[in-house]
Amino acid sequence: MYYAGSYVLTSDRVCKALLRFARALAEANQSDVVSVPVVAEGGGRVYAHFLVGPASEIYSVPVENSPDEPFDEDVVRDLEERTRVLHPSAPLWPDEMTDVQDLDLDLL
């Protein structure tokens with residue numbers, strides 16, 4: 001995921017949830033700070049903090065032969081819930097990022 005002229009490695013599902021939340025914030029003309037799991041320079045797992053809102057320029061690019069790590073179900077659940085609060089009648093966008101599996105929030 002690219003953000004503010006740099007990049008971090010996170011799981012596809014975390015990235016997808018963050019992109020959805022960032023879009024919902026932009027549509028609502030709001031900003032928020034989120035923490036997501038990423039791979040640190042030394043290879044360990046840490047949480048990075050992002051300010052996202054209407055002016056955020058975030059994009060993602062898949063990394064070939066990379067494990068879908070790091071992943072945190074609670075982070076994805078929180079981002080998806082915060083997105084639903086901003087857009088309660090919005091669909092789950094099943095036609096977006098179809099190469100990334102959604103987290104089934106009803107099963108958790």
Side-chain angles (χ1 to χ4, degrees):
M1 179 173 63
Y2 289 84
Y3 177 87
S6 189
Y7 65 91
V8 295
L9 181 62
T10 190
S11 75
D12 290 338
R13 290 184 286 176
V14 169
C15 186
K16 185 176 186 176
L18 180 58
L19 288 170
R20 288 176 173 173
F21 183 54
R23 178 177 58 192
L25 284 168
E27 289 175 353
N29 201 30
Q30 296 181 23
S31 299
D32 205 345
V33 174
V34 297
S35 298
V36 299
V38 300
V39 175
E41 282 188 37
R45 179 177 153 169
V46 298
Y47 283 82
H49 313 285
F50 297 92
L51 172 63
V52 292
S56 295
E57 294 183 8
I58 302 171
Y59 69 95
S60 67
V61 176
V63 176
E64 288 204 33
N65 302 318
S66 171
D68 191 20
E69 291 289 337
F71 175 68
D72 186 325
E73 286 182 12
D74 293 333
V75 168
V76 173
R77 183 183 303 114
D78 179 60
L79 289 170
E80 293 289 354
E81 179 58 32
R82 290 161 79 178
T83 300
R84 277 194 293 273
V85 167
L86 290 169
H87 290 283
S89 63
L92 292 176
W93 303 295
D95 58 334
E96 294 179 345
M97 295 178 69
T98 56
D99 58 325
V100 177
Q101 177 185 11
D102 283 321
L103 181 63
D104 190 346
L105 300 174
D106 295 329
L107 296 177
L108 300 175

Exercise for review: Work out which heavy atom in I58 is nearest to a heavy atom in A22; give both atom names and the distance.
Suggested key: CD1-CB, 4.2 Å
Review point. Say you draw a straight line from CD of E81 to CG of L86; how long is it, rounded to the nearest 0.5 Å?
Key: 10.0 Å
Exercise for review: Treat each ILVMFWY residue as a node, draw an edge where side-chain heavy atoms are under 4.5 Å apart, and state whether V33 and V76 are in one component.
Suggested key: yes
Exercise for review: Looking only at non-hydrogen atoms, find the nearest pair between C15 and S60 and report the distance.
Suggested key: SG-CB, 3.2 Å
**Study point:** side chain to side chain contact (heavy atoms under 4.5 Å, CB included) evaluation trace for L79 with V36
**Key:** CA-CA 10 Å; L79 289 170; V36 299; 4.2 Å; yes
Check your understanding: With sequence neighbours excluded, what pairs up with V61 under the side-chain contact (heavy atoms from CB on, under 4.5 Å) test?
Key -> Y2, Y59
Check your understanding: OH of Y3 to CG of L18: how many Å apart, nearest 0.5 Å?
Key -> 9.0 Å
Study note, to complete from the structure: Output for pair (S11 OG, M1 CE), nearest 0.5 Å, gives 9.5 Å
Revision key, fill the gap. So NZ of K16 and CD of E80: to nearest 0.5 Å the spacing works out to 8.0 Å
Point to revise | Set of residues satisfying side-chain contact (heavy atoms from CB on, under 4.5 Å) with respect to D32, sequence neighbours excluded | key: F21, L25, R82
**Study point:** Considering all heavy atoms, the nearest P54-Q30 contact
**Key:** CD-O, 2.9 Å
Kindly list each side-chain donor-acceptor pair under 3.5 angstrom involving residues 38-51, sequence neighbours excluded, with atom names and distances?
unit_1 : atom_1 : unit_2 : atom_2 : d
R45    : NH1    : F71    : O      : 3.3
R45    : NH2    : Y47    : OH     : 2.9
Y47    : OH     : D72    : OD2    : 2.4
H49    : ND1    : S35    : OG     : 2.6

